[in-house]
Number of protein chains: 2
Amino acid sequence: MVARYERIAAELRDDILRGAHPVGSTLPTDAELAARYSAARGTVRQALAVLVAEGLVGSRQGARRIVLGNSRSQSFAELHSFAQWAKSNGYSFGGQVLQQRRRAAGPVEAARLGSDEVLEVLRLRTLEAEPVLVERTVYAGWIAAAVEAIPRDCGSITQALFDSTGLVFAYGEHLIDAVAAGAQDARLLGVRRGSPLLRQRRITTTQEGRPVESSDDRYRAGSVTFSIRNSIGANPLIRQAGDLHFGA
Amino acid sequence: MVARYERIAAELRDDILRGAHPVGSTLPTDAELAARYSAARGTVRQALAVLVAEGLVGSRQGARRIVLGNSRSQSFAELHSFAQWAKSNGYSFGGQVLQQRRRAAGPVEAARLGSDEVLEVLRLRTLEAEPVLVERTVYAGWIAAAVEAIPRDCGSITQALFDSTGLVFAYGEHLIDAVAAGAQDARLLGVRRGSPLLRQRRITTTQEGRPVESSDDRYRAGSVTFSIRNSIGANPLIRQAGDLHFGA
DNA sequence: GAGTGGTCTAGACCACAAA
DNA sequence: TTGTGGTCTAGACCACTCC
């Protein structure tokens, strides 16, 4: 069952991407769209809100809505998976599943992933043959079987899931902070307990917004740096190898 | 004029951050909230959509809404200074200059800031009366006099420089990683040496792109989280206030 | 002043989760 | 089966933009 507003949003998006509404032009008014689709104004507004969130359409109170862009790729994540990033930068990389088990979702996970049963995976990833990243990932139940079918030493889970299911990931929210290495972190990464790690908590969804996984990724300090440029249109977040010279 | 749903959202957000609704607990139902605030269900849902978009609340059709988090986070979608961010979130904050001296720029600094002489400033900043941030900032020579004129306990340097010079900052590039606290960091922040800090190195420019400062900011672990969203919010009905749409 | 989008109301029905 | 959130309608008024 696809919601009415989703279908209207899809039609409008197609119109924009097709060029029927060029960048800079105004869209039909709420009332016109409501008449065209025989829907209530509220439903049309819900559809338009989708396009606004994607950055395709801009709106200001009192003024007509304007088409801001006509490329889908810009509105979605430019943040690639660890493997994609490493590959595109010419680094050698690897990965190894250390633990994997199904279990019941806690209340927070259930709400986050929309799933009662989850697959918990502990993965250690290497860069240039050095262990640099501990991933603790919780997958939604509907994708669990596909994840379990992936070889344990697969380097790119994203690629493997795309090959087996056709899924393309969109990256949702990222929370970045610093934490002290716990006992398990320290052992896996070869650092002392309590030493600094860069933590990235993230939620991954399909392009339609369906939650796929929730992950707690911990990078060894000095191995990876996140970079953000605050210029419009630029990639908001990219990873960089550590050891960058910045400032003095 | 603040919208009704914004005020309701703010109240609910405060309740969550205050701990009145612990993480994992369920929120009141739409109907209960509508009755409590004497608002229509649609208005309450609009407020809740704000919290869902912020990642504080999760929802699934048929199930009660659940509190997902209760931590403050700093979003990169908003190009705010520490003071602006703290103020907009209702936190008390302060700052104190500990050291300040002019010196010759190193070759990298000279290239980066376009300046032979620089002003080096060590600043300690507090949030809710706790020291959370050590800032080591290097200002370009042309702005040094204006910086030196700012009172040492000024909370918002950005504001002070705007007041005295009319300058508006644009934030250029941010590099984020984790480092171990050095001796000075540890002493100032009241943590053990070697304990994890979240480091943000950034370059600030004027809106025209002229470099103003280069800074190494170190946050005590657990005090602040950076958040980056690069896909559609869970509920597209709500636009984020003042959203600048980079990558969003 | 006319037109438009932003907000809000008060209903209704449906899909889904949990008991 | 009951309750909840998700969707949709049909109106209303307001704030704002643009002419």
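Reckoned from all heavy atoms, side chains included, excluding hydrogens, waters and symmetry mates. Proteins get letters first, then strands, A, B, ... in listed order; numbering begins at 1 in each. As the structure is a prediction and not an experimental result, all values here were calculated from the model.
- Listed by residue number, there are no residues of residues 27-34 of chain B with a heavy-atom contact under 4.0 Å to DNA chain C.
- Atom CD1 of Ile66(B) and atom P of dG5(D) are 11 Å apart (whole Å).
- Heavy atoms only, all atoms of each residue included: Arg64(A) and Leu27(A) are closest at NH2-O, 2.9 Å.
- Applying the 4.0 Å criterion to OP1 and OP2 of dT7(C), one finds that Thr43(B) has every side-chain N and O outside that range.
- In this structure, Ser38(B) and Arg65(A) both approach DNA chain C, and ranking their closest nucleotides by distance from the 5' end singles out Arg65(A).
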Can you pull every protein N or O that's under 3.5 Å from an N or O on nucleotides 12-19 of chain D?
| from | atom 1 | to | atom 2 | distance (Å) |
| --- | --- | --- | --- | --- |
| dA12(D) | N6 | Arg41(A) | NH1 | 3.2 |
| dC16(D) | O4' | Gln61(A) | OE1 | 3.0 |

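- Every residue meeting the salt bridge (charged side-chain N to carboxylate O under 4.0 Å, His left out) condition with Arg41(A), not counting sequence neighbours, appears here in chain and number order: Asp30(A).
- Secondary structure note: stems in DNA chain C built from 3 or more consecutive Watson-Crick or G-U wobble pairs under 3.5 Å occupy C:1-18 with D:1-18.
- Checking Thr204(A) against Glu213(A) by side-chain atom types alone, a donor-acceptor pair falls below 3.5 Å.
- Straight-line distance from the CZ atom of Arg45(B) to the P atom of dG5(D): 8 Å, rounded to whole Å.
- Distance from the side chain of Ala40(B) is smallest to dT9(C) among dT7(D), dT9(C), dA10(D).
- Here the P atom of nucleotide dG5(D) and the CD atom of Gln46(B) are 17 Å apart, to the nearest Å.
- In this structure, Arg125(B) does not pair ionically with Glu130(B), as no charged nitrogen and carboxylate oxygen lie closer than 4.0 Å.
- Under the rule for a salt bridge (charged side-chain N to carboxylate O under 4.0 Å, His left out), the partners of Arg218(A) that lie at least two apart in sequence or sit in another chain are Asp185(A), Asp216(A).
- Checking Ala39(B) against Asp116(A), the closest nucleotide of DNA chain C that is more toward the 5' end is the one next to Ala39(B).
- With rounding to the nearest 0.5 Å, the separation of OH in Tyr219(A) from CZ in Arg199(A) is 13.5 Å.
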Would you mind writing out the side-chain donor-acceptor pairs for residues 14-25 of chain B within the sub-3.5 Å range, not counting sequence neighbours?
| from | atom 1 | to | atom 2 | distance (Å) |
| --- | --- | --- | --- | --- |
| Asp15(B) | OD1 | Arg18(B) | NH1 | 2.9 |
| Ser25(B) | OG | Pro22(B) | O | 2.6 |

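- Distances shorter than 4.0 Å separate some side-chain N or O of Tyr5(A) from OP1 or OP2 on dT7(D).
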Working for side-chain contact (heavy atoms from CB on, under 4.5 Å), residues Ile66(A) and Val57(A): CA-CA 6 Å; Ile66(A) 286 193; Val57(A) 170; over 6 Å; no

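- Between dG6(D) and Ser59(B), a contact under 4.0 Å exists linking OP1 or OP2 to a side-chain N or O.
- The line from CD1 of Ile203(A) to OG of Ser215(A) is 10.0 Å long, rounded to the nearest 0.5 Å.
- Between the Gln159(A) side chain and the Ser156(A) main chain, no donor and acceptor come within less than 3.5 Å of each other.
- The one candidate from Arg102(A), Arg101(A), Gln100(A) that meets the side-chain hydrogen bond (donor to acceptor under 3.5 Å, both in side chains) condition with Glu148(A) is Arg102(A).
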